[in-house]
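Counting starts at 1 for both ligands and their atoms, in listed order.
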Amino acid sequence: MKQRVCILGSTGSIGRQALEVIRLNRDLFEVVAISATGRNQRLLALQVEEFQPEVVATLLNAELPEGPRRITGENANERLIQEVDADIYLIALSGTSGIMPSYLAAKTGRRIALANKESLVAAGRFITERASLFGSEIIPVDSEHSAIFQCLLGQDTPKVKRIILTASGGPFLRRPLNELERVSPQEALEHPLWSMGPKITVDSATMMNKGLEVIEARWLFNLPGEKISVVVHPQGVIHSMVEFEDGAVLAQMGSADMKIPISFALGFPFRIESGASPLELTSGSPLTFEDPDPQRFPLLKLAYEALEEETTLPVILNTANEVAVEAFLSGRLPFTGIAEVVKRTMDVLSARRVESMEDVMALHLEAQKVAKEMLNEAV
Ligand code: NDP
Ligand code: MG
């Protein structure tokens, strides 16, 4: 029996690579539904022709080949999850648009192959509680979390001393600090190792991506912040590590290719063909490690601070960051203004309380408004 796969965000970097993996494993998977905004009509149309899904969901009214049932409108992703019965929901939407779909997928009792880290950052408690209540398994797609998941297989989790997330350091690891204010969106979008969507690429340059991943790890592996550390490893050969209480450290290595964690999340517990190029150990060597510089990457520290409080501050951190990254990409905010906007929005809204999913979404909207106001002050 083929696994029925529903891909949310099929036209994005993760979505396209997931379809590449499925193309190599036609005997194992069937694409039953895909979604996108509808902006990239051409690519979506090609995907519909090739994979013949039963359902296509778009926010906009895109012109697509006849055949699949259409879901259109602002809540298209949410409706897709509620109306399509799949074995695997791959959530590859970018940013906060993934929060509600991940929460809804947690109720299906099926597998969630989760790429969208923002949903766990903003609503990790509610999504993981609901997933365990309804028996939905969350398999991480994020390469660091996939690495940790793999290192933990067959291990006794309480004997974990800490997990170590590796970070490439992004394009500005060696850039003189006084030049950071003037770096352009184009420069920030040139990641040395990975080719990804624009939002996560900027997050990698500020290292907010690692901050979000620390919070993501807290919910995926149920570990407190002090057991989650970050090390800069520019070669990107080790995707993350787990240190156990006896002193042993397990690492997962591989080429910097998201098709490896994507294929793992789709195929688990089996390893399937991924199409990734093999790891060239000698060309990646020597492997180096260093501590992240807090002055260069202030957002990483802010993420740890947010995590201490667990529910309110991560929502604000995540939303304010999204607003600020968008402003940076459209030339309305300097690179160094991103951290400023996030910090100030957290200061303004820190007294709110988040006790339910409704609270998460309400605070998200409020943080969006406040962060947008902050933009004018930060320029
Ligand atoms: P992209 O920007 O490349 O793709 C996002 C996808 O989601 C596109 O299909 C896009 O549609 C769709 N989308 C965006 N916004 C909306 C919305 N509001 N409603 C509906 N659909 C929407 O992102 P990535 O693939 O890079 O990243 C996806 C997620 O995976 C992110 O959370 C990221 O952090 C995470 N991730 C990504 C990695 C990577 O290598 N790319 C690595 C690890 C994690 P359209 O094309 O029509 O705009
Ligand atoms: Mg990652």
Side-chain angles (χ1 to χ4, degrees), residues 7-20 33-47 56-62 64 71-81 90-102 112-122 140-149 165-168 170 189 191 193-204 207-217 220 230 233 236 238-240 252 254-262 264-265 276 318 321-322 325-326 329 364 368:
I7 302 178
L8 289 90
S10 65
T11 51
S13 158
I14 295 288
R16 291 191 313 264
Q17 293 180 83
L19 289 172
E20 280 180 49
I34 56 179
S35 87
T37 64
R39 277 187 300 240
N40 193 346
Q41 203 162 299
R42 230 183 115 245
L43 176 59
L44 194 59
L46 288 173
Q47 293 181 345
V56 179
T58 51
L59 302 191
L60 310 167
N61 214 341
L64 297 173
I71 299 177
T72 312
E74 215 180 301
N75 295 326
N77 286 304
E78 287 77 1
R79 281 184 53 202
L80 185 66
I81 289 179
L90 170 63
I91 316 266
L93 299 167
S94 62
T96 51
S97 69
I99 301 176
M100 214 49 195
S102 297
I112 306 171
L114 188 59
N116 181 269
K117 62 193 82 185
E118 291 86 350
S119 49
L120 282 183
V121 173
V141 169
D142 212 349
S143 58
E144 295 76 3
H145 305 74
S146 176
I148 291 161
F149 187 94
L165 302 175
T166 50
S168 71
L189 288 174
H191 196 277
L193 288 178
W194 302 90
S195 162
M196 310 178 283
K199 197 246 172 196
I200 180 173
T201 308
V202 175
D203 284 347
S204 300
M207 222 184 262
M208 176 53 119
N209 184 47
K210 216 46 55 179
L212 299 178
E213 290 182 356
V214 167
I215 303 175
E216 180 186 11
L220 281 173
V230 171
H233 166 47
I238 293 182
H239 297 302
S240 277
Q252 187 259 337
S255 57
D257 191 327
M258 286 306 294
K259 291 196 291 301
I260 299 175
I262 291 169
F264 184 84
N318 185 50
N321 178 60
E322 184 165 280
V325 168
E326 222 176 87
L329 283 174
H364 160 60
Q368 221 171 28

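- Using a 4.0 Å cut-off to heavy atoms of Asn77, the atoms of ligand 1 that qualify are 19 (N), 20 (C), 21 (N).
- Close approach of ligand 1 to Ser97 is summarised as follows: ligand atoms under 4.0 Å from at least one heavy atom of the residue are 15 (N), 16 (C), 17 (C), 18 (N).
- Residue-ligand proximity, Glu118 to ligand 1, at heavy-atom distances under 4.0 Å covers atoms 31 (C), 32 (O), 34 (O).
- Interface of Ala115 with ligand 1, defined as ligand atoms under 4.0 Å from a residue heavy atom, comprises 30 (O), 32 (O), 35 (C), 36 (N), 44 (C).
- Close approach of ligand 1 to Ala92 is summarised as follows: ligand atoms under 4.0 Å from at least one heavy atom of the residue are 5 (C), 6 (C), 7 (O), 28 (C).
- For Asp142, the N, O or S atom closest to the Mg ion (ligand 2) goes by the atom name OD1.
- Atom numbering of ligand 1 starts at 1 in the shown order; those under 4.0 Å from a heavy atom of Gly38 are 47 (O).
- Here is the list of ligand 1 atoms found below 4.0 Å of a heavy atom in Leu59: 17 (C), 18 (N), 19 (N), 20 (C).
- With 3.5 Å as the limit, one finds no donor-acceptor pair spanning the side chains of Glu322 and Asn318.
- Remark: ligand 1 atoms within the under-4.0 Å shell around heavy atoms of Ser10 are 9 (O).
- Sorting the N, O or S atoms of Glu213 by how far they are from the Mg ion (ligand 2) puts OE2 first.
- Side-chain contact annotation: Thr72 with Asn61, donor-acceptor N/O pair under 3.5 Å absent.
- Between Asp203, Thr11, Thr58, Asn40, it is Thr11 that holds the heavy atom closest to atom 46 (O) of ligand 1.
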